[in-house]
Amino acid sequence: MEFENVNLVIGGEAGQGLVTIGQILAKSLVRRGYNIVVTQSYQSRIRGGHNTYNIRVSTEDIKAPQESVDLLIALNAETVDRHRSELSAQGMIIADARLDIADDKCIKVPFAELADKKFYNVVALGIAGAVLGFDGRIITQTLETFFGKKDPEVAQKNEQALSESYRWATENDAFGRLTLAPCADPLPRLVLNGNEAIALGAMSAGVKFCSFYPMTPATSILLNLIAAAEQMGLVVEQAEDEIAAVNMALGASFAGAPSLVATSGGGFALMVEGVSLAAMTETPLVIIVAQRPGPATGLPTRTEQGDLEFVLHAGHGEFPRAIFTPGTVESCFHLTRRALELAERVQGPIFLLTDQYLADSARAVLPFDLKNLAPVTPVGTAAPPVLPYQRYALTDNGVSPRLLPGLSEHLVVADSDEHTSDGHITEDLQVRIQMVDKRWRKLEDLRSAVIPPEYQGDAQPDLLLVTWGSSQGPVLEAAAALRKDGQHVATLCFSQVWPLVEEQFLNHLQEAKQVVSVEGNASGQLARLVRRETGFLIPRQVRRYDGLPLTSEYILRALTQ
Amino acid sequence: MEFENVNLVIGGEAGQGLVTIGQILAKSLVRRGYNIVVTQSYQSRIRGGHNTYNIRVSTEDIKAPQESVDLLIALNAETVDRHRSELSAQGMIIADARLDIADDKCIKVPFAELADKKFYNVVALGIAGAVLGFDGRIITQTLETFFGKKDPEVAQKNEQALSESYRWATENDAFGRLTLAPCADPLPRLVLNGNEAIALGAMSAGVKFCSFYPMTPATSILLNLIAAAEQMGLVVEQAEDEIAAVNMALGASFAGAPSLVATSGGGFALMVEGVSLAAMTETPLVIIVAQRPGPATGLPTRTEQGDLEFVLHAGHGEFPRAIFTPGTVESCFHLTRRALELAERVQGPIFLLTDQYLADSARAVLPFDLKNLAPVTPVGTAAPPVLPYQRYALTDNGVSPRLLPGLSEHLVVADSDEHTSDGHITEDLQVRIQMVDKRWRKLEDLRSAVIPPEYQGDAQPDLLLVTWGSSQGPVLEAAAALRKDGQHVATLCFSQVWPLVEEQFLNHLQEAKQVVSVEGNASGQLARLVRRETGFLIPRQVRRYDGLPLTSEYILRALTQ
Amino acid sequence: MVSIEDYGTYETAWCPGCGNFNILKAVKQALVARRLEPHQVLFVSGIGQAAKAPHYLNTNLFNGLHGRSLPVATGARLANPNLTVIVESGDGCNYGEGGNHFLAALRRNIDITMLVHNNQIYGLTKGQASPTSDEGMVTKAQPQGVPSAAFNPIAVAVAMHGGMVARGFAGMVDHLADLIQQAIAHPGFALVDILQPCVSFNHVNTFAWYKKRCYELPSDYDPTNWEAAIKKAQEWGERIPVGVIYRNPRPRFEDHFPVLQHGRLGGQPVDREMLIKIMHKFA
Amino acid sequence: MVSIEDYGTYETAWCPGCGNFNILKAVKQALVARRLEPHQVLFVSGIGQAAKAPHYLNTNLFNGLHGRSLPVATGARLANPNLTVIVESGDGCNYGEGGNHFLAALRRNIDITMLVHNNQIYGLTKGQASPTSDEGMVTKAQPQGVPSAAFNPIAVAVAMHGGMVARGFAGMVDHLADLIQQAIAHPGFALVDILQPCVSFNHVNTFAWYKKRCYELPSDYDPTNWEAAIKKAQEWGERIPVGVIYRNPRPRFEDHFPVLQHGRLGGQPVDREMLIKIMHKFA
Ligand SMILES: Cc1ncc(C[n+]2csc(CCOP(=O)(O)OP(=O)(O)O)c2C)c(N)n1
Ligand SMILES: Cc1ncc(C[n+]2csc(CCOP(=O)(O)OP(=O)(O)O)c2C)c(N)n1
Ligand code: SF4
Ligand code: SF4
Ligand SMILES: [Mg+2]
Ligand SMILES: [Mg+2]
């Protein structure tokens, strides 16, 4: 029998190398044409504990993780204890024979006979590949590209461990026990997670400066930028704290470098004064907040969608902003580009809200058409329309001609106090009104550029599921499952949650028989925001706040409760 | 002719002593039984510029500033230029003869003949007192209590300048030109502004620790606490920054001292991570935000109501809170007490939102019944119900028995990570759900304790004015004026804006023919919040955001536009 | 009599071989040597691998935000001067995010013991440079090498005439326990910067690296001599001195607050008569 | 040729007699002496009376948040290394709220000139103690006297081997102008801590007080001698040295970033071919 869809989980302690083999397996699968959804679960520690690397593989277009496990690759006994109950009907366990797992679903592999302890993870990889009936040569190739540069001796041992495992699997009737159905001829694709896509998107848009203070799950965005910094001509600086990070980025942006900062909720809390400064000085800045469960330190390595309202209102005083909430890896790329463009266009703070689940979720993605995706247009050298130059000249759309300091004889003055058109501090209260109005006029431009929420399904459905950001995938899959069941279901997915333009979606809410919101938080933040902006009360909500991503199973269970 | 109501404005440069004479005049008037509303307008500088000290005096119960000026006491020519157009029909100017004001409403006083330059402000005070037909002896007495302790020579010169001015006024037919109608026999009252009332309220509730970083307009709260610190057994510490301030206060509260911090928007921005920490560690903390116009540095010495939504959503992650918004000086006192009580009761962050206008607005206030106002009940010594002690024991109302570290052998463990009942860090995701639910259960307690908005007027009015915080006074006066005009008007004033309990007010909104919100900000934040919580759209809004407080005149003008 | 066992034994989340284990051991020894009962002590920590340490001690603990342990400790100590307050956290926490509080604590000379697990790296976030990482050190976040000079906490603390300034090494447990004991006994602010190998992310400053370099200050070294101390504070590289580098018998911050002589703030009644007097000043 | 007039004359919001006026004068002199045109210079300031200074200069200015001028300046300098970047702000701004950035800037040795108007008080907020207020000084917010030791920025900067460390006095304009000029010329981070009388709120450290105490370093003083410098940095009270106290020819922070040799970041095109290569590493 061949399987179109297999959900495999590699489990063990931090430090056992499970992410490495997970990545190799993921890449090998994508090279053969499969689609994947990776979810990573790890603890706030470096060694020990219980971590998993979960790959859902399919010949079809999948969008979300799955709960039931078809293949459990257990690097320790705890993994079996924790996940045994999740096994599907065809579910199977791969474990070291010496762990003595009393389960007839377990393929007991004599790890010690097949390789040195250091290479147990590769053995597990090999057995898994074999069980899936997967061509071992592809794994070998991927393994090479992973370890190639390093020690050739290690490379050789890796290869040996792999072929030994395949041999053992074949001899012991494990090969092909969960054979994957073949794929159509594969297009070349990338294996990319949300944070990698953000980094690529930022570079394609011409980001030139980035300052950061490390914080999970945002750090990998920065590490990806740093890795490319020399080649792409970026400066990425680790700041002394998040306050420094946001102010440095503002300084760099003021001086003409498209800039971004990336952090998580707690670090963003320290940037809030800087957000307000970006608005007042009208300095472009992209702020990426990778959410994790709070309050305070919370669950630092888990996922949540708990900071929407916080980000929407962060900063003292009043000013416009925009918030993008990508739902897919591709959208991480495109919305980061859009955020950088929009920041330069409206000259102020623009947000991208992601979360740990999406940050770490690798997918198969078609390469982006980088040749045809232009970076943001550089500013700052055109002649000023009025002399002497007025940095904050009053304009119809609220956006003033922007010059850069030092590029011409025109002087650029920016001020955090209320200021006159030339940027100097003022106590003239009539000017105050003009400047407040000017800044608010940008909201119109932001509204005109809003990405409408995506509606899928017939008009007037029995059930409309409303969601945002990374919960999009699970919601779409839940809807598909319900439709298969004969139900009349539609979905409305927001990849921009601010500004909200009611004409883009209110009719859908009104026409559905029942509306249910689905969010990865405890208080239903999008639902509340929708009511504030449209008056429409979403009467029923599905919420998750245990630190794990939503799944279609979770949603379906909640709907039938 | 005698006047029931006189609006007088003292204007001049910072450093000319106008606040001093304003305070002496205000106190003298209150001692004679008048009611006052003081508004102070000053610039972000120490000397120079243009400042005013405005006292509206009345025999009646007044609640707000007034725009038209009856008596302009000009310490310089600029004051006349700026305020001449505000003069009422009976309006009059007092100015130095040498300023050469070409205005027949001007009483030209030969300042140089009456006193040394150093005492010009006292001359102005004397003339003003005389013009009001006010008993000079009361001013002399107040002057003495102000300057008494200092140099007796100065005191004598002050007195002399005062009597010279009275003499001059009498001789030159200025005495009694704007005679105040007499008052009923005065009750002993305090002259207190919002920040002084907050400090008194905090001390009466037993505040023991306060950490701060100076920031206008919050600083005077702290200065009032500091002045009483030794006598009242408080520790008030100037921190190195606002982050330190909020964390110090949390440390002190954790160790058993009822604690508060006070700051303005920009400083509060730096405390946001600490707010989230207070919620997660369930540590009582009162946070006072004295609003001023933003974004960023904005107009640092002016007023605004622009931080409601910011404060409501400040902090990463999700958790309950309460926000008090006093509308009067008395309410500053009582709500500060309530905030401290509630913080101890629900163990978390509780906010008090005031603003520059209210902070600096002195009023005549009856002394508080301090004998009968008990401080908050101290915690921490009762035996724990379960052993070993569980700081975060799960309870029905979400509030766990609180002990203090070091007071018994029971150990107290608080954690910013998600934690088990005993306070230790956990990665158990079932515990996570329990703890989130536990924290949210406190919202019920907060809701049950909400102070309902005050409704005044008949049911089913033609017009309902809705407001919050310090704009209450102007709104009540505007309503009174409209009623005098024969209109059917009611008011709804929120002195607590979160949580909102719709049963307390929705019917009023629904029953009014027209509802208009009145707020001191540009975007209508309370109106938006009301819609979010009730679905009710307030169709029309009066907003002010030029840095000045609302007035009934402003509201009436806006309503007829 | 309090014993090591009173401070409990816990499973940790640290990597096998980490220097933190020895520090934990030394801390317990010092607490017992000072005859402190668990409930008399309050540990305050931030976020990081080091900051988890007090979770492995049976005592009072406030485990707050990254970088903010000193202010929390300061508040707690002012609220209750009967508590022995110990800050325990990492180099990133205390010298990076919390740098401003470090300066303020030195200026205050408040009676707090500050233990810094200085592994010259951000451990919990997987190996970025910390303020104490040596210039040029290569990490994933600094592939071209750390471009800033390393922060020398000892030199800054001595330059600012801190109360007690010491360096310990996780590889010298008894010596370290003794330093911590002295720090707790010191009336005023006491810093113990503890060299701590991180076996997972710092492959330069290893156990062996430190071991080769660390030497105890000679017995005739006089820590009250500021000039000698500031010179000693510069020593780093081939030879690294451990011990009490500087001592300064300044008055404690607490001594400036007469109210603290009456014990903890929360235990003192509110003097309503006095408040009535204060209120009537506004009349 | 640039002249003093090119930097304009503005009405100020300062008190008559304030030390700030002389500092403004010295700054202009230094800019002209360095032949810098207004558009070649970027001033970055925070919030406070001192922070208003650049508003009274005809030049580029980013007047940001209280305490945050150094990070803004750092970002601007990295984005455009052709700019002469000067931070100008108060003692509260730079050593209080911004203390952590001060430490980081010293470690980075980025080519920024930092002018601190050190009036030993918070002026704009009406006279609370600043980090440099002398211990025991009485203010409205510290009626029992400042309980913390004063922050000595010179000592900390020398202890951290900062690029150039100097002290000036607003009462010695030409000397100050010369210091500022040297600071601008110094390739690396240069601190000029400027003693500035505040006539409104600091009635202890007055013009006369400073004048009596300030003396110029002798011509044979060698600022490259660290040991001499750290001693000199301790001098305060009866005698206060002004001049360049320490100099350290460390490499500049900017030199660690090869990309900065190609000029400002925003002027460099995005290499799409390279990015395609980078993307394909994920294939
Ligand atoms: C405000 C904030 N910023 C960033 C982080 C992420 N973070 C957690 S631990 C850590 C670094 C820890 O380094 P260190 O203090 O040296 O401790 P170690 O893990 O090395 O013991 C960081 C940056 C955080 N928790 N909070
Ligand atoms: C985050 C923040 N906290 C506090 C303030 C209020 N504030 C403005 S200026 C200032 C102190 C200024 O002192 P200093 O830097 O020494 O400048 P000076 O006025 O003495 O020149 C403070 C505390 C602020 N603007 N922002
Ligand atoms: S990462 Fe380093 S510091 Fe953290 S536990 Fe492991 S070895 Fe210790
Ligand atoms: S308050 Fe002090 S520092 Fe500010 S302008 Fe006046 S004298 Fe100068
Ligand atoms: Mg560390
Ligand atoms: Mg100052």
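Numbers restart at 1 for each chain; the letters A, B, ... are given by sequence-line order, proteins then strands. All heavy atoms count here, side chains included; hydrogens, waters and symmetry mates do not. Only a predicted model underlies this, so the values are computations on that prediction, with no experimental measurement involved.
With a 4.5 Å cut-off on non-hydrogen atoms, E242(B) touches chain D through its backbone and its side chain both. Only the side chain of I47(D) comes within contact range of chain B, judged by heavy atoms closer than 4.5 Å. Looking at Q144(D), the atoms closer than 4.5 Å to chain B (heavy atoms on both sides) all sit in the side chain, from C-beta outward. Contacts between L270(B) and chain D at a heavy-atom distance below 4.5 Å involve the side chain alone, from C-beta outward. There is no contact between T139(D) and chain B, counting heavy-atom distances below 4.5 Å. For chain D, the nearby part of T219(B) is the side chain; its heavy atoms alone come within less than 4.5 Å. Using a 4.5 Å cut-off between heavy atoms, L223(B) contacts chain D through its side chain alone, with no backbone atom that close.
Remark: E97(D) CD to I243(B) CD1 distance equals 7.0 Å, nearest 0.5 Å. Between the CZ atom of F212(B) and the CD atom of Q128(D) there is a distance of 6.5 Å, given to the nearest 0.5 Å. Here D241(B) contributes atom CG and N100(D) contributes atom CG; the two are 9.0 Å apart, rounded to the nearest 0.5 Å. Going from atom CD of Q49(D) over to atom OG of S44(B) covers 7.0 Å, rounded to the nearest 0.5 Å. The distance from atom CD1 of I226(B) to atom CD of Q142(D), rounded to the nearest 0.5 Å, is 6.5 Å.
For the residue pair Y122(D) and P214(B), the shortest heavy atom distance occurs at CD2-CG, 3.5 Å.
Of the listed residues (P131(D), A141(D), G96(D)), the greatest number of heavy-atom pairs within a distance under 4.5 Å of chain B belongs to A141(D). Here A13(D) is the residue among G67(D), A13(D), S148(D) with the most heavy-atom pairs under 4.5 Å with chain B.
Here the side chains of I46(B) and F201(D) are in contact, with some heavy-atom distance below 4.5 Å. Counting heavy atoms from C-beta outward, Y95(D) and E240(B) have side chains that stay 4.5 Å or more apart.
Proximity of a side-chain donor or acceptor of Q238(B) to a complementary backbone N or O of A129(D) within less than 3.5 Å is detected.
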- For side chain to side chain contact (heavy atoms under 4.5 Å, CB included), just list the numbers for K52(D) and R45(B), CA-CA rounded to whole Å, side-chain angles, deciding distance to a tenth of an Å, and then say yes or no. CA-CA 10 Å; K52(D) 289 177 187 160; R45(B) 57 193 293 167; 4.1 Å; yes
